[in-house]
Protein chains: 2
Amino acid sequence: MNDAAKREDFPVEAERWLRASGLADELGFIVSRVRSEIMIPIEETMEGHGLKRHAYAVLALACTELGPTQRELASIVRLDPSRLVSVLDDLESEGLVARRQDPLDRRSRRIQATDEGRVVRAQAAEAVGATIDELLHVFTSGERRSLVDLLQRLAFCGDKG
Amino acid sequence: MNDAAKREDFPVEAERWLRASGLADELGFIVSRVRSEIMIPIEETMEGHGLKRHAYAVLALACTELGPTQRELASIVRLDPSRLVSVLDDLESEGLVARRQDPLDRRSRRIQATDEGRVVRAQAAEAVGATIDELLHVFTSGERRSLVDLLQRLAFCGDKG
DNA sequence: TATTGTTATACTCTATAACTATA
DNA sequence: TATAGTTATAGAGTATAACAATA
């Protein structure tokens with residue numbers, strides 16, 4: 001689950017090495033570190049609601065009006081279509097999601113959240129939001145906004161056209 | 001290597017689903033997406049210099065004056081000590097790094113880059129820097145500075161004490 | 001013929017426990 | 001007794017190819 005090496009072992013020395021090596025200023029390293037720092041507590045929260053990382057995202061997308069196709073889901077979540085199968089199997093067996101054959105193209109199935117799925121989604125989202133608020137307590141609300149804004153531009157700049 | 005599902009398949013629809021589901025505004029999802037967006041080209045660049053993600057970071061740290069202990073390395077890179085072994089085996093067999101027994105504690109070994117290792121480190125760092133510059137071309141230099149600043153505070157806030 | 005969902009499978013990554021040598 | 005590095009191994013995560021149903 002977590003990345004083995006304890007985070008508290010060499011806190012001060014770690015910072016020294018990171019500065020001396022130059023890694024502390026490299027965006028790739030920084031972003032990777034940020035991701036693991038925030039995803040560890042976030043995934044813990046998700047699992048408190050019975051959801052793993054991928055299931056959380058899939059359930060969220062299944063709560064939209066039409067519900068995406070499995071193919072679309074896989075593309076959006078950056079998950080191999082074959083791996084999505086087991087994620088959906090789990091969600092379906094827990095009654096949070098249903099596969100509906102698309103009448104317009106009977107090959108594809110649209111994934112829609114059940115009523116219970118929507119409840120779980122709402123509860124999990126609220127808990128995750130609280131966890132994020134904790135993580136961001138060092139920032140002013142202005143800083144939070146610009147952080148999210150900058151990251152969104154970086155995250156979705158390939159999705160415009 | 002890459003996360004299977006093609007990124008170009010449903011670009012516009014993807015954005016619609018992400019907005020409708022609320023995922024596009026959740027920091028956890030955004031950061032994960034940012035990481036994969038930037039790490040795919042960065043890792044490609046690294047591999048162009050014969051280095052995988054972990055090897056790149058380890059080599060960078062080995063280029064510092066004293067060179068960290070394997071234990072310290074593992075902690076800094078958030079890698080299990082047992083996994084670090086094979087990373088070091090590779091780097092050592094390529095002549096980029098050497099394990100030196102620490103005279104003060106003969107149990108531990110300090111990892112130091114060889115002259116060739118330093119050359120490779122410098123070349124790889126420059127190439128990675130160029131890749132990052134490309135990725136950030138949508139941002140002004142002021143935006144880049146605040147992006148890096150905000151992310152650093154989030155990445156290293158646990159390493160202060 | 002091409003595409004959707006699925007299965008099977010192989011491959012990589014990661015975590016755990018046991019071993020050795022030093023302390 | 002405890003710690004640093006190593007090894008072996010099992011488990012999770014991921015990628016690839018092949019198959020049935022539909023287009």
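Lettering follows sequence order; numbering is per chain, from 1. When reading the values below, keep in mind they use all heavy atoms of this one structure, side chains included, and skip hydrogens, waters and symmetry mates. Values in this document were obtained by computation on a predicted structure and should not be read as measured data.
- Ion pairing of B:Glu92 with B:Arg99 is present here, as a side-chain N (NZ or NE/NH1/NH2) and a carboxylate O approach within less than 4.0 Å.
- When distances are taken from the side chain of A:Gln70 to each of D:dA8, C:dA8, C:dG5, the shortest belongs to C:dG5.
- Using a 4.0 Å cut-off between a side-chain N of Lys or Arg and a carboxylate O of Asp or Glu, B:Glu26 and A:Arg121 qualify as a salt bridge.
- As rounded to whole Å, 15 Å separates atom C1' of C:dT4 from atom CG of A:Leu104.
- A distance-only check finds a donor-acceptor pair linking the side chain of B:Arg110 to the backbone of B:Gly67 [under 3.5 Å].
- Rounded to an integer number of Å, the gap from CG of B:Leu73 to C1' of D:dT6 is 16 Å.
- Among the heavy atoms of the strands lying under 4.0 Å from B:Ser82 is at least one base atom, whether or not backbone atoms are also near.
- For A:Val85, the listed nucleotide lying nearest its side chain is C:dT6; candidates were C:dT6, C:dT22, D:dG5.
- Closest to the side chain of B:Pro81, out of C:dT14, C:dT7, D:dT6, is D:dT6.
- The phosphate of C:dT3 has neither OP1 nor OP2 within less than 4.0 Å of any side-chain N or O from A:Arg71.
- Taking atom CG on A:Asp80 and atom C1' on C:dC11, their separation rounds to 14 Å, with Å as the unit.
- The distance from atom CZ of A:Arg110 to atom C1' of D:dT22 is 16 Å, rounded to the nearest whole Å.
- Side-chain contact check for B:Thr131 and B:Thr45: at least one donor-acceptor pair (N or O, by modelled atom type) lies under 3.5 Å.
- A:Gln101 has its CD atom 13 Å from the P atom of D:dA21, to the nearest Å.
- Contact check, A:Arg83 against D:dG13: no side-chain N or O comes under 4.0 Å of OP1 or OP2.
- Atom CZ of B:Arg106 and atom C1' of C:dA21 are 9 Å apart (whole Å).
- Distance, B:Asp102 CG to D:dT3 P: 17 Å, rounded to whole Å.
- The distance between atom CG of B:Asp89 and atom C1' of D:dT6, rounded to the nearest whole Å, is 9 Å.
- The 12-atom threshold is not exceeded at CD of A:Glu126, counting heavy atoms of other residues, nucleotides or ligands nearer than 6.0 Å.
- Neither OP1 nor OP2 of C:dG5 sits under 4.0 Å from any side-chain N or O of A:Arg99.
- Of the two residues contacting DNA chain D, namely B:Leu88 and A:Lys52, the nearest-nucleotide position lying further toward the 5' end is that of B:Leu88.
- In this model, the phosphate group of C:dT14 is approached by a side-chain N or O of B:His54 to a distance below 4.0 Å at OP1 or OP2.
- For the pair B:Arg107 and D:dT3, the criterion of a side-chain N or O lying under 4.0 Å from OP1 or OP2 is not met.
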